[in-house]
Amino acid sequence: MKMICTLFLFSLLFSSTYALDFCVGDVKGPESPAGYLCKPSAKVTVDDFVFTGLGIAGNTSNIIKAAVTPAFSAQFPGLNGLGISIGRLDIAVGGVIPFHTHPSASEVLLVLQGKICAGFVSSANTVYLQTLTKGDVMIFPQGLLHFQLNGGGTPAIAYVSFSDPSPGLQILDFALFANDLSSALVEATTFLDDAQVKKLKSVLGGTG
Ligand SMILES: *[C@@H]1O[C@H](CO)[C@@H](O)[C@H](O)[C@H]1NC(C)=O
């Protein structure tokens with residue numbers, strides 16, 4: 001009996017030691033603020049820790065002429081629980097990643113190619129703005145509104161990493177104009193005029 005108990009304890013210790021190494025996300029299940037539940041260790045393979053595809057340009061044929069390729073925990077389950085993630089930005093000439101926030105992460109941006117004009121606004125409404133070129137890095141503190149736009153005549157590429165496996169993304173213009181919040185309320189809460197609100201709702205696919 002004592003022997004069996006010791007063995008049981010030993011295996012318990014062992015399995016919990018493994019469990020502490022990582023918690024590869026079971027991305028078919030629900031995601032909570034704490035991330036995904038862990039995939040059983042026996043089913044984890046090296047592929048869970050490798051993401052392929054950030055060498056490929058995103059498709060910038062869209063209204064913002066820019067693309068974000070995320071390697072967040074939903075796409076890259078090995079990140080689950082580790083407090084980090086990464087992605088790629090492609091910004092064509094004239095393109096912009098409009099004002100947005102990542103509610104749960106700070107961001108580090110590293111320019112690989114081209115010229116990127118980037119800025120964020122603090123809660124004191126101070127603007128921190130810089131034009132970045134190859135090899136420059138800028139950080140965007142958690143939750144603050146920020147943007148990046150192509151400030152040159154060639155396509156720009158950057159890698160962005162985040163302090164959360166699922167940083168979240170809220171784009172200001174989409175929040176204001178791409179849903180069914182009534183124009184009257186958008187106008188009342190932003191002080192914008194009716195024509196401007198209706199125009200942006202129509203461009204961004206909002207109603208009301
Ligand atoms: C890029 O996106 C546009 C618009 O959705 C689409 O028409 C085009 O085929 C895409 N290009 C590639 C290479 O996927």
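All values below were derived from every heavy atom in this structure, side-chain atoms included, with hydrogens, water molecules and symmetry-related copies excluded. Each ligand, and each atom within it, is numbered from 1 in the order the structure gives.
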Using a 3.5 Å distance criterion without hydrogens, assess whether the side chain of Y159 forms a donor-acceptor pair with backbone atoms of L54. yes
State, yes or no, whether a side-chain contact exists between C117 and T131 at a heavy-atom distance under 4.5 Å. yes
Looking at atom 12 (C) of ligand 1, what's its closest protein heavy atom, distance included? N59 ND2, 3.3 Å
If you count the non-hydrogen atoms of other residues, nucleotides and ligands that lie under 6.0 Å from CG in L37, is the total more than 12? no
Check whether any protein heavy atom sits under 4.0 Å from atom 7 (O) of ligand 1. no
Would you check, one step at a time, whether the test ring pair (Phe, Tyr, Trp, His ring centres under 6.0 Å) holds for H146 with F120? CA-CA 4 Å; H146 59 283; F120 69 87; 7.9 Å; no
Which protein non-hydrogen atom lies closest to atom 4 (C) of ligand 1, naming both residue and atom, and how far is it? S61 O, 3.6 Å
Atom 2 (O) of ligand 1 touched by protein (heavy atom, under 4.0 Å): yes
